[in-house]
Amino acid sequence: LFQLVRDDKPVRILYTAKGMRDLPAVDEAEVTKRYGIPGRSYADFALLRGDPSDGLPGVPGVGDKTAAGILQRYGSIDGLLAALSGPADELSPSVRAKLLAARDYLVAARPVVAVVCDLPVPDDLDDLLPAQAADPEALVALSERWGLDAPLNRLLAALARAR
């Protein structure tokens, strides 16, 4: 969710890596300090370097530093793809080859990874946390189909604690 972090709104993410007792609010400066990119570039960063916790394989051979450098140079996956469509530029031949080999992945995964921020929210939305899943069998089937066991277990544990 670091891709949602913005100083101009402001939007912060409560970082739960150390548990629920210490919840630092992550701003753009913190995302930049950690990864060398602004928060709004995090989805593209994760696509490039991968993120096992979100099931993103990333581009083989592209790590944090290379991904940050690519985004600093091209601004986004769109900018990178445009550069890859043109003549060879400042990318090393090996990095360029890796990115060209991963082009289909970058195009297909990007809309899946980007958090949708422009959906209308009804005025009468019931935003109370449910005590249990509305359809536990469908939830288990969804988890099995898409390999969502770890996130599902975290969700169910959170619902149980909230009761």
Taken in chain and number order and not counting sequence neighbours, the residues that satisfy salt bridge (Lys or Arg N to Asp or Glu O under 4.0 Å) with D7 are R12

Residue pairs passing the ring-ring contact (aromatic ring centres under 6.0 Å, His included) test with at least one member in residues 74-98, sequence neighbours excluded, are none

Residue pairs meeting salt bridge (charged side-chain N to carboxylate O under 4.0 Å, His left out), one or both in residues 56-68, sequence neighbours left out, come to R49-D64

Going by chain and number, the hydrophobic cluster around L148 (ILVMFWY, side chain to side chain under 4.5 Å) further includes L142, W146

Look at the side chain of E30 and the backbone N and O of P24, then say whether any donor-acceptor pair between them is shorter than 3.5 Å.
no

For this session: Using the rule that two of Ile, Leu, Val, Met, Phe, Trp, Tyr join whenever any of their side-chain heavy atoms come within less than 4.5 Å, decide whether L1 and V112 are in one cluster.
Result: no

Residue set satisfying side chain to side chain contact (heavy atoms under 4.5 Å, CB included) with L100, at least two apart, ordered chain then number -> L84, R96, R103

Residues passing the side chain to side chain contact (heavy atoms under 4.5 Å, CB included) test with S76, sequence neighbours excluded, are D44, D78, R110

Residues pairing under ring-ring contact (aromatic ring centres under 6.0 Å, His included) where one sits in residues 76-109, two or more places apart or in two chains, turn out to be none

Here the ring-ring contact (aromatic ring centres under 6.0 Å, His included) pairs for residues 40-65, sequence neighbours left out, are F2-Y42, Y35-Y42, Y35-F45, Y42-F45

- request: Measure from the side-chain N and O atoms of S85 to the backbone N and O of L81, and report whether any donor-acceptor pair falls under 3.5 Å.
  value: yes

With sequence neighbours left out, the residues meeting salt bridge (Lys or Arg N to Asp or Glu O under 4.0 Å) with D51 are none

Please list, one pair per line, the donor and acceptor atoms closer than 3.5 Å that link side chains of residues 66-73 to other protein atoms, with sequence neighbours excluded.
unit_1, atom_1, unit_2, atom_2, d
Q72, NE2, G36, O, 2.8
R73, NH2, E90, OE1, 3.1

By side-chain hydrogen bond (donor to acceptor under 3.5 Å, both in side chains), D8 pairs with (sequence neighbours left out) R6

Residues passing the side chain to side chain contact (heavy atoms under 4.5 Å, CB included) test with D126, sequence neighbours excluded, are L128

- Message: Is it the case that the side chain of Q3 and the backbone of V115 share a donor-acceptor pair, with hydrogens and angles ignored and the cut-off at 3.5 Å?
- Response: yes

